Colleague: 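Sharing a structure below in structure tokens format, with a few things to ask.
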Number of protein chains: 2
Amino acid sequence: MVPPPDNDAPAALGRPTLRTVADDTGLSVSTVSRALRRPADSNATAALVHRAAQRLGYLPDPVAASLRTRRSGVIGMVAHSLTDIVQAIIYEQVDQVAVASGFDVLVAATKDDPAAQRDRVNLLVSRRVDGLIIADAHRDAAYADWVATLGVPYVLVMRNAPGHPAMVCDDEAGGRLVGEHLIAQGHRELALLTGPDYSAVSFDRARGFRAALADHGLAVSEQLTEFGGLHTASGQAGMERLLGRSREFTAVFCCGNDFAAFGAVSALQTAGLAPGQDVAVVGFNDVAAATPLGLTTVSSPQAELGELAARALLGAIEGVPPVGVVREPTLVVRASSSTPLAQMRSSR
Amino acid sequence: MVPPPDNDAPAALGRPTLRTVADDTGLSVSTVSRALRRPADSNATAALVHRAAQRLGYLPDPVAASLRTRRSGVIGMVAHSLTDIVQAIIYEQVDQVAVASGFDVLVAATKDDPAAQRDRVNLLVSRRVDGLIIADAHRDAAYADWVATLGVPYVLVMRNAPGHPAMVCDDEAGGRLVGEHLIAQGHRELALLTGPDYSAVSFDRARGFRAALADHGLAVSEQLTEFGGLHTASGQAGMERLLGRSREFTAVFCCGNDFAAFGAVSALQTAGLAPGQDVAVVGFNDVAAATPLGLTTVSSPQAELGELAARALLGAIEGVPPVGVVREPTLVVRASSSTPLAQMRSSR
DNA sequence: TTGAAAGCGCTAACAG
DNA sequence: CTGTTAGCGCTTTCAA
């Protein structure tokens, strides 16, 4: 016969568990578990247990609890890249709201790769996240549609996808603002540096821009359209290709983001053209460096969208169906586009 | 007498478990568990089990496994903020290396708040992370010392703390490079916009800068020292305070980072001073926007440090004690400091 | 209120 | 190689 385990033995090595606290207080594990989830002052036992737990340095084990309850107090956020400042800002807002409500946030970056999107989301779900914030949705909604089948509450943020709850900026309006502004400045030969088409964000901005031009009987020629992407390097390369083909434009809209615009500015400078003086340049997002650079750009309420997304998700976890929100962007005019065409150096 | 549970009953609703696969194949749970961890082609049973698992849509439950094995296949990274591009770059490298080795990464941002540092690390540890990457260490090593007591493998990155394995840039050398450069350009009245003193990074840069000046019998006066922080807003405010007090400087080193330098540039512009022409400006990190702005700065191998940290941590998890690495930075001279003092507009 | 007991899904001895 | 048995630490019926 094997001797019965000695339940009063001090817990082996390692962190104290409920058992440790139970043995210490002479109570049962279940009583301790309950007591710990009441306020410390609700009850004599609760007080006793909280004190003992404190003294013993007990910390709850969320993974054990999670195994049992099938919820984790964690929400997952999937971004395309956290080196994109906009995604980082959203992440930080989400984190802040979540932590204030007793949740924690796990992030995952996917680089917009569909395989990574599946893998990361599956991991998050395996880890029992109570909800998902999707910041890297694609226009073709296959990804978002799949997320919706998972049975986990979710909301999209920044990037829209048809038929899903999303907290987004009105990017088409943003594109229009830029188009109207440049036309008002006298520009007629307009170039466009696009962002990735799979993102509703850059797609809609380009559409709005084109729509504004169309309203004035103008258009961006094929010739003056190039891919500018989301990075300084891709923006620079795009502008170099553009310049290699034509200099018959007086303004360019970098609809991907300000970083692409920074790259475009570099390329223009290298080509001996002064942004704002020879070619007007407009970006999107109004990141910090846009100010000292004097870059005209469109400001969108990124932090607010992150906060809205987090709140909507927390609501969804409580059973309140999330409802999408669209916020309006504003144009921020700076030196890179504030000189009317007529006064620019090489205006034709 | 309670009837024995019907083990052959189909698993209730919900995801298939090992039990589901076991029942389906007529094998035991443990056999299935083992088979699933071998290659599918190692064995007739393994093949059978893998096929069944596939067919039933079985996905392993990492939280259950983690509860049992006390390891998770997850490494934790704690950063001060992911909106700091440098921290984001490090995160992405860590993530990449980790994922390639079958690990996943959980991030947490602390804003350098000690309470948040404890909370977030505790959370990560509760979630059974197999190792920790600390990117927000402080110079007073209380935080790092505490992390070391946790019994979880860890490495520091970017920010050093005495007595801990760290992958860092030689920031003092970086500060020296800046000092030598500005002196060589003819500057004698030098201002310093500091970063937070709790970060070894900005502290060491300031020290190196001062040491270089001292080598030439120069010094930064109290009068010309201001806090510039790590953000555009704080850099701008710092420069405004500086300008409010004195214009007797011809160059400024913003040792916090390039964002602080961007803020300083804005403040100078607002004051009617042209960076590079009236006042030389130098930043640190060489972020993307430094190029179009023509900001002189110091380039440090951030991505490499992230990669090194991840590899060192993975080694540490295997039992190989991590050893710190120091990488040398390089100066990148651009327009904001390339005009010698003698040729600058308001040189005295 | 409290405690005993069962079990979340998995892995790890230990026998066969 | 296989199955049996025992938990990991926690929550949650269910009785007392």
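Just so we're clear, the structure is a prediction, and the values are computed from it rather than from any experiment. Every chain is numbered from 1 and lettered A, B, ... according to where its sequence line falls, protein lines coming before strand lines.
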Colleague: Going by heavy atoms closer than 4.0 Å, what residues in residues 58-68 of chain A are next to DNA chain C?
Modeller: A:L67, A:R68
Colleague: Return each pair, listed once, that meets side chain to side chain donor-acceptor pair (under 3.5 Å) where at least one residue sits in residues 28-40 of chain A; pairs must be two or more places apart or across chains.
Modeller: A:S28-A:S30, A:S28-A:T31, A:S33-A:R37
Colleague: Respond yes when some side-chain nitrogen or oxygen of A:R70 is under 4.0 Å from OP1 or OP2 of C:dG9, and no when none is.
Modeller: yes
Colleague: What residues form a side-chain hydrogen bond (donor to acceptor under 3.5 Å, both in side chains) with A:H164, not counting sequence neighbours?
Modeller: A:D145, A:Y154
Colleague: Considering residues at least two apart in sequence or located in another chain, which fulfil the side-chain hydrogen bond (donor to acceptor under 3.5 Å, both in side chains) criterion with A:Q96?
Modeller: none
Colleague: Measure the distance from CZ on B:R15 to P on C:dC8 and round it to the nearest whole Å.
Modeller: 14 Å
Colleague: Taking side-chain hydrogen bond (donor to acceptor under 3.5 Å, both in side chains) as the definition, give me every residue that meets it alongside A:S126, ordered by chain and number, with sequence neighbours left out.
Modeller: none
Colleague: Side-chain atoms of residues 102-110 of chain B: list all donor-acceptor pairs with protein atoms under 3.5 Å, sequence neighbours left out, distances to 0.1 Å.
Modeller:
{"unit_1": "B:D104", "atom_1": "OD1", "unit_2": "A:R120", "atom_2": "NH1", "d": "3.3"}
{"unit_1": "B:T110", "atom_1": "OG1", "unit_2": "B:A79", "atom_2": "O", "d": "3.4"}
{"unit_1": "B:T110", "atom_1": "OG1", "unit_2": "B:D112", "atom_2": "N", "d": "3.2"}
{"unit_1": "B:T110", "atom_1": "OG1", "unit_2": "B:D136", "atom_2": "OD2", "d": "2.6"}

Colleague: Would you mind reading off the bend of the helix from C:dT1-D:dA16 to C:dG16-D:dC1 from its two end axes, five pairs each, to 10 degrees?
Modeller: 40°
Colleague: Just to verify, what does B:S101 make a side-chain hydrogen bond (donor to acceptor under 3.5 Å, both in side chains) with, not counting sequence neighbours?
Modeller: none
Colleague: With sequence neighbours left out, write down each residue that passes side-chain contact (heavy atoms from CB on, under 4.5 Å) with B:V326, or none if nothing qualifies.
Modeller: B:V168, B:D170, B:E328
Colleague: Once side-chain contact (heavy atoms from CB on, under 4.5 Å) is applied, do any residues pair with A:A303, and if so which ones, sequence neighbours excluded?
Modeller: A:I89, A:Q93
Colleague: Give the rounded distance in Å between these two atoms: CG of A:D23 and P of D:dG9.
Modeller: 13 Å
Colleague: What pairs meet the salt bridge (charged side-chain N to carboxylate O under 4.0 Å, His left out) rule with one or both residues in residues 311-323 of chain A, with sequence neighbours excluded?
Modeller: A:E307-A:R311
Colleague: Below 30° counts as parallel, above 60° as perpendicular, anything between as tilted: where do the rings of B:Y143 and B:H138 land?
Modeller: perpendicular
Colleague: Below 4.0 angstrom, which residues in residues 26-45 of chain B have at least one non-hydrogen atom near DNA chain C?
Modeller: B:V29, B:S30, B:S33, B:R34, B:R37
Colleague: Expressed as a whole number of angstroms, how long is the span from B:R19:CZ to C:dG7:C1'?
Modeller: 13 Å
